> 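Okay, here's the structure, questions in a sec.
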Amino acid sequence: MLRAPAIHVVALAFAALIAPVGTYAGQPRQLPPKSPRLYVFDCGTLGGDPARFNLKRDEMATSDMSVSCYLVVHANGALIWDTGAVPDMEVKSENQRTRHRVVIANSERYVTLAKSLKAQLAEAGYTPADIDYVALSHYHWDHTANTNEFTRATWLVRKVERDAMFADQPPDLVQRATFNALRNSKTVIIDTDDHDVFGDGSVVIKWAPGHTPGHQMLFVKLAKTGPVLLSGDLYHYPEERTLDRVPTFEADPGQTRRTRTAIVTFLKNSRAQLWIQHDFTASAALKKGPAFYD
C-alpha cells in the first residue's frame, strides 16, 4: 500500500528536476540557441499622415504603418530592440484588436493593438527580467512605450541620444515617462559607428544619424534566413526609398540623406535584407512570435 505513493513522489521529484526553468504563463523559456534567433512582435498599427513624409496618398500603397518590436536571442544573451507605441498597462484585453489613443504634446495619435509586448514575450518563453540588453532605434514615442520594463537590462545608447532624451527641454515626439527609469540603469555608451553586441559579428548596432542625432539600426546575421538589417526610422515607407523622399521632421535631413547613401553601400556589400520597421505590407508578411527567424 505504501509503494504506489512513494513511486508517485519520486516521479514528481524527477519531473521537477527535468522541467524547463524560466517558465512563464505555461511557456518554457527556450534554451540558448547555437546561432542567433530573431523574433518579430506585432506592437500595433499606426495611422500615418503622408504629408509629414513628403508623400502624397496616391503615391503610396497604404498610409498605415506597422509598429514592430524585436527580440534577438544569442547564445550569450538576449536583446530587445524597440518597445512599441502603447504601454502594456493600457492593454486591457489580449487577443482582441483595440484602438488606443496616445497624446503627444498637443496632438493625438491612434494605435490599434491586439496583444501587449509582455504577453508576446511570454509566448516565446521570456519575461522582461530575462532580457540582458535593451536598445532603441531612437527616442520617438512609438519606439519607447515599454522601455521601463527593461531596466534590469543593460541599455545600449549613443551619448548624443541619451543627452537629448534627458534634456531639460526634450525633443518633439518624446514620451519621457515611458523610459524615464533608464536614467539609473546600467548603461553602455556606444562611441563607435558599429557596436558588436556579443563580440562575434552576428548582432551589430550601426550608427545611422539624421532622423534623430543618435539614431541607430540593427544588423543580425542569421544562419538560415541570411543577414537582416532593421531600419529603425531611416525609412518609414518603402516609397521614401523608391521616390527619394525625406520626412519633414528629421533632426538633420542632410545627414539622413548621407546615412541612406552609406546604408545602400552596406546593403550591397553585406547582401543583407532591409526590413523597414514601419512598412505595413512587408511587416504583415513576416511571421510573428513565438515563431522566429534563424
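What you see below is based on every heavy atom in this structure, not just the backbone, and it leaves out hydrogens, waters and symmetry mates. The structure displayed is predicted, hence computed values, not measured ones. For the single chain, residues carry numbers from 1 onward in sequence order.
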> For the residue pair K287 and Y293, would you count it as a cation-pi contact if the rule is NZ or CZ under 6.0 angstrom from the ring centre and within 45 degrees of the ring axis?
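Yes.
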> Is the distance from the ring center of F198 to that of Y133 below 6.0 Å?
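Ring centroids of F198 and Y133 are less than 6.0 Å from each other.
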> Not counting sequence neighbours, list each pair that qualifies as a ring pair (Phe, Tyr, Trp, His ring centres under 6.0 Å) and has a residue in residues 167-186.
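The answer is F166-F179.
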> Please check if the number of heavy atoms outside R97 that lie under 6.0 Å from its CZ is greater than 12.
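More than 12 heavy atoms, drawn from other residues, nucleotides or ligands, come within 6.0 Å of this atom.
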> Might you confirm whether atom CG of D172 has over 12 heavy atoms from other residues, nucleotides or ligands at distances under 6.0 Å?
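12 or below, so no.
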> Looking just at side-chain N and O atoms, do T83 and T147 make a donor-acceptor pair shorter than 3.5 Å?
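Yes - a donor-acceptor pair under 3.5 Å links their side chains.
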> Please determine if E149 and K118 form a salt bridge, counting it only when a charged side-chain N lies under 4.0 Å from a carboxylate O.
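Yes, E149 and K118 are salt-bridged.
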> Just by distance, with hydrogens left out, do D64 and T45 show a side-chain donor and acceptor under 3.5 Å apart?
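Note: D64 and T45 side chains miss the donor-acceptor criterion.
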> If we ignore angles and hydrogens, is there a donor and acceptor under 3.5 Å between the side chains of D42 and Q120?
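The criterion, which ignores hydrogens and geometry beyond distance, is not satisfied for Q120 and D42.
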> Using side-chain heavy atoms (C-beta onward) and a distance below 4.5 Å, is L230 in contact with Y70?
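L230 vs Y70: side chains touch.
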> Centroid-to-centroid, H143 to H215, below 6.0 Å?
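Centroid separation for H143 and H215: 6.0 Å or greater.
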> Tell me the closest heavy-atom pair linking S283 and S68, and the distance in Å.
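Minimum heavy-atom separation between S283 and S68: OG-OG, 4.1 Å.
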> Around K221, counting heavy atoms of other residues, nucleotides and ligands shown, do more than 12 lie under 6.0 Å from its NZ?
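Open: at most 12 neighbouring heavy atoms sit under 6.0 Å from NZ of K221.
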> Please confirm whether the backbone N or O of A282 pairs with a side-chain atom of D279, one donor and one acceptor, at under 3.5 Å?
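The answer is yes, because a donor-acceptor pair under 3.5 Å joins these two groups.
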> I'd like to know if the side chain of K224 reaches the main chain of L222, judged simply by a donor and an acceptor atom lying under 3.5 Å from each other, with no hydrogens or angles considered.
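No, K224 side chain to L222 backbone: no donor-acceptor pair under 3.5 Å.
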> Would you say S202 and D200 are linked by a side-chain donor-acceptor pair, where the criterion is simply a distance under 3.5 Å?
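Result is yes, a qualifying pair exists.
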> Looking at K115 and E94, does any basic side-chain N land under 4.0 Å from a carboxylate oxygen?
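Salt bridge absent between K115 and E94.
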> How far apart are the closest heavy atoms of A78 and I131, and which atoms are they?
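In this case the closest contact between A78 and I131 is O-CG2, 3.7 Å.
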> When you measure from the side chain of T259 to the backbone of P209, do you find a donor-acceptor pair of N or O atoms at a distance under 3.5 Å?
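Checking the backbone N and O of P209 against the side chain of T259, a donor-acceptor pair under 3.5 Å is found.
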> Are any side-chain N or O atoms of Q255 and backbone N or O atoms of A208, one a donor and one an acceptor, separated by less than 3.5 Å?
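Absent.
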> Taking atom types as modelled, find out whether Q277 and W275 have a side-chain donor-acceptor pair closer than 3.5 angstrom.
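Q277 vs W275: no donor-acceptor pair found between side chains.
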> More than 12 heavy atoms of other residues, nucleotides or ligands under 6.0 Å from CG of D58: is that the case?
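Count over threshold, so yes.
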> Taking R158 for the side chain and Q216 for the main chain, is one N or O donor matched with an acceptor at less than 3.5 Å?
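Not at all, since once roles are kept as given, no pair shorter than 3.5 Å links the two residues.
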> Measure across M65 and R109 and return the closest heavy-atom pair with its distance rounded to 0.1 Å.
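Reported closest heavy-atom pair: CE-NH2, 4.3 Å.
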> Which heavy atom of G201 sits nearest to which heavy atom of D196, and what is that distance?
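Shortest heavy-atom contact: N-OD2, 2.8 Å.
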> Looking at every heavy atom in both N148 and A177, which two are closest together, and how far apart are they?
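For N148 versus A177, the nearest heavy atoms are ND2-O, 2.7 Å.
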> With sequence neighbours left out, what residues match D244 under salt bridge (Lys or Arg N to Asp or Glu O under 4.0 Å)?
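For D244 the salt bridge (Lys or Arg N to Asp or Glu O under 4.0 Å) partners, ignoring immediate neighbours, are R257.
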> Step by step, work out the side chain to side chain contact (heavy atoms under 4.5 Å, CB included) result for E123 and K288.
CA-CA 11 Å; E123 289 175 349; K288 306 302 188 299; over 6 Å; no
> Establish, from distance only, whether the side-chain atoms of D233 and H138 form a donor-acceptor pair under 3.5 Å.
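On atom types as modelled, these side chains qualify, holding a pair under 3.5 Å.
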> For L117, does its backbone N or O pair with a side-chain atom of D88 as donor and acceptor, under 3.5 Å?
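Indeed, once roles are kept as given, a pair shorter than 3.5 Å links the two residues.
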> Under 3.5 Å, is there a donor-acceptor pair between the side chain of R162 and the main chain of R183?
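It does hold such a pair.
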> When the ring planes of F266 and F219 are compared, do they come out parallel, tilted or perpendicular, using 30° and 60° as the limits?
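Judged by the thresholds at 30° and 60°, the geometry between F266 and F219 is perpendicular.
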> What pair of heavy atoms forms the shortest contact from L55 to E240, and how long is it?
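Looking at all heavy atoms of both residues, the shortest contact is CD1-CG, 4.2 Å.
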> Assess the pair H278 and Y237: is the distance between their ring centroids shorter than 6.0 Å?
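That pair fails the under 6.0 Å test.
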> Would you say T212 and E161 are linked by a side-chain donor-acceptor pair, where the criterion is simply a distance under 3.5 Å?
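Distance-only check passes for E161 and T212.
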> Looking only at the aromatic ring of each residue, does the gap between the centers of F53 and F249 stay below 6.0 angstrom?
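Yes, ring centres under 6.0 Å apart.
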